[in-house]
Enquirer: 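Submitted below is the structure of interest, expressed as structure tokens.
Reminder, nothing fancy here: chain letters follow the sequence lines and each chain counts from 1.
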Amino acid sequence: MPELPEVETTCRGIAAHLARATIREVIVRRHDLRQAVSPALAALTGVPLLAVRRRAKYLLFDLGPRHGHLLVHLGMSGSLRFAHPADAFKTHDHIALTLSNGQQLRFHDPRRFGLFLHLPPGADPLDHPLLRRLGPEPLSEEFSADTLRAACRSRTAAIKLVIMDAKVVVGVGNIYASEALFRAGIRPATSARALSAPRLARLVAGIRAVLSEAIAAGGTTLRDFLHADGEPGYFRQELLVYGRAGQPCRKCGAVIRQAVLGQRSTFWCPRCQR
DNA sequence: CGAACCTCCTGCGGGC
DNA sequence: TGCCCGCAGGAGGTTC
């Protein structure tokens with residue numbers, strides 16, 4: 001489900017409710033996510049939930065210097081939402097953290113591609129094996145036309161696959177890859193190394209713009225994504241190509257096309273993108 | 001190293 | 001209506 005804007009939206013929604021929150025109770029209803037849920041989770045009763053931040057599509061909860069961190073990934077179908085502790089659990093509500101502020105944070109993930117790990121104190125969570133080798137954040141200065149150009153130099157693969165490679169830049173998933181390439185006027189199947197520096201610069205700008213706008217709109221709700229507080233994201237109506245095969249391009253009227261690239265559906269305008 | 005392919009899992013919508 | 005098939009917002013793994 002979630003790409004960077006949806007994870008960022010979730011992060012902000014949770015952060016707004018964390019002031020002086022402490023974990024009262026940990027409920028683990030299923031352990032078998034992408035990796036087994038850390039057994040140490042159960043011991044976190046009474047531990048403070050100081051802050052939450054995002055790195056790539058991961059959420060990192062700071063439990064304070066004595067307790068380490070929670071590392072959460074929403075996978076394809078995961079979500080984190082607040083509920084009241086008395087509300088009935090839904091199918092696929094796998095983990096719940098009852099907080100001292102009266103709310104309960106629930107991890108819901110039908111496909112169980114997500115992750116919910118406890119990282120012990122002492123180490124920098126960014127050095128965790130899952131995070132250590134990630135590329136730059138797309139909205140940071142470290143991601144630039146130069147870094148993208150360096151990554152593309154040796155790659156014959158389609159540019160869409162390259163911008164979805166988390167070692168090149170993080171957070172760009174299947175929706176926003178198509179959207180960013182439309183904004184840059186580049187066909188998704190173009191070989192990465194065939195692209196000129198100015199075109200890659202436009203692509204960097206396209207990635208930044210589409211992600212920023214999607215965050216401002218609260219993310220994209222395709223079927224079931226909701227913010228931590230239950231609100232949907234409104235970026236779906238701003239999508240220019242994703243999911244629009246057979247419909248007219250919003251810029252030029254040509255029929256939007258769809259093909260499979262690297263096992264994922266890909267959308268583009270044959271006239272606006274060359 | 002990179003490219004092409006597969007895998008995990010459940011739910012849903014389309015076609016018959 | 002019911003059943004089967006293909007597809008879905010991610011990402012790690014294998015093989016060549």
Enquirer: Taking atom C1' of dG11(B) as reference, at what distance in whole Å does atom CG of Asp93(A) sit?
Expert: 16 Å
Enquirer: What is the distance from CG of Leu261(A) to P of dG10(C), rounded to the nearest Å?
Expert: 14 Å
Enquirer: Take the protein atom CG of Leu134(A) and the nucleotide atom P of dA11(C), then report the distance between them rounded to whole Å.
Expert: 9 Å
Enquirer: Rounded off to whole Å, could you give me the CZ-to-C1' distance for the Phe116(A) and dC9(B) pair?
Expert: 19 Å
Enquirer: Let me know the distance between CG of Leu33(A) and P of dT10(B), rounded to the nearest Å.
Expert: 12 Å
Enquirer: Answer with base, sugar-phosphate or nothing: what part of the nucleic acid does Phe235(A) contact at a heavy-atom distance below 4.0 Å?
Expert: nothing
Enquirer: Nearest-Å distance, CG (Leu115(A)) to P (dC9(B))?
Expert: 14 Å
Enquirer: Which nucleotide in the list dT10(B), dC8(B), dC5(B) gets nearest to the side chain of Phe113(A)?
Expert: dC8(B)
Enquirer: Ser265(A) side chain: which of dC7(C), dA3(B), dC12(B) is closest?
Expert: dC7(C)
Enquirer: Measure CG/Leu71(A) against P/dA11(C) and give the value in whole Å, please.
Expert: 12 Å
Enquirer: Among dA8(C), dG10(C), dG9(C), find the nucleotide with the atom closest to the side chain of Leu222(A).
Expert: dG9(C)
Enquirer: To the nearest angstrom, how far is Asp165(A) atom CG from dG12(C) atom P?
Expert: 10 Å
Enquirer: Flag the pair His227(A) / Phe225(A) as yes when their ring centroid distance falls below 6.0 Å, and as no otherwise.
Expert: yes
Enquirer: Return no unless some side-chain N or O of Arg111(A) is found under 4.0 Å from OP1 or OP2 of dG11(B).
Expert: no
Enquirer: dC9(B) phosphate, OP1 or OP2: any side-chain N/O from Ser77(A) under 4.0 angstrom?
Expert: no
Enquirer: Under a 3.5 Å cut-off for both contacts, is dG9(C) paired Watson-Crick or G-U wobble with anything, and if yes, with which nucleotide?
Expert: none
Enquirer: Over all strands shown, is Arg34(A) touching base, sugar-phosphate only, or nothing at heavy-atom distances under 4.0 angstrom?
Expert: sugar-phosphate
Enquirer: With DNA chain B as reference, determine whether Arg112(A) or Arg133(A) sits nearer its 5' end, using the nearest nucleotide of each.
Expert: Arg133(A)
Enquirer: Closer than 4.0 Å, any side-chain N/O of His92(A) to the OP1 or OP2 of dG11(B)?
Expert: yes
Enquirer: Select one nucleotide: of dG9(C), dA3(B), dT10(B), the one nearest the side-chain heavy atoms of Ala157(A).
Expert: dA3(B)
Enquirer: Side chains of Gln103(A) and His17(A): donor-acceptor distance under 3.5 Å anywhere?
Expert: yes
Enquirer: For the residue pair Thr220(A) and Tyr176(A), confirm or rule out a side-chain donor-acceptor distance under 3.5 Å.
Expert: yes
Enquirer: Considering every strand and a 4.0 Å limit on heavy-atom distances, what is the contact class for Tyr176(A): base, sugar-phosphate, or nothing?
Expert: nothing
Enquirer: Could you check which of dG2(B), dA11(C), dG9(C) has an atom nearest any side-chain atom of Ser154(A)?
Expert: dG2(B)
Enquirer: Taking atom P in both dC3(C) and dC9(B), what distance in whole Å separates the two?
Expert: 24 Å
Enquirer: Please state whether the rings of Phe107(A) and Phe116(A) are parallel, tilted or perpendicular, taking 30° and 60° as the class boundaries.
Expert: perpendicular
Enquirer: Of the candidate nucleotides dA3(B), dA11(C), dG9(C), which contains the atom at the shortest distance from the side chain of Arg223(A)?
Expert: dG9(C)
Enquirer: With respect to the side chain of Gln263(A), which nucleotide from dG9(C), dC6(B), dG11(B) is positioned closest?
Expert: dC6(B)
Enquirer: Is the Lys NZ or Arg CZ of Arg106(A) less than 6.0 Å from the centre of Phe89(A)'s six-membered ring, within 45° of the axis?
Expert: yes
Enquirer: When you get a sec, tell me which of dG9(C), dA11(C), dT10(B) is the closest nucleotide to the side chain of His73(A)?
Expert: dA11(C)
Enquirer: Looking only at the side chain of Arg264(A) (C-beta and beyond, no hydrogens), which of the listed nucleotides dG10(C), dT10(B), dC7(C) gets closest?
Expert: dG10(C)
Enquirer: Pick out which of Ile27(A), Val28(A), Ile23(A) makes a side-chain contact (heavy atoms from CB on, under 4.5 Å) with Leu41(A).
Expert: Val28(A)
Enquirer: Grouping I, L, V, M, F, W and Y whenever their side-chain heavy atoms are under 4.5 Å apart, do Leu63(A) and Leu59(A) come out in a common cluster?
Expert: yes
Enquirer: If I pick the P atom on dC6(B) and the same atom on dC7(C), what distance separates them, to the nearest angstrom?
Expert: 13 Å
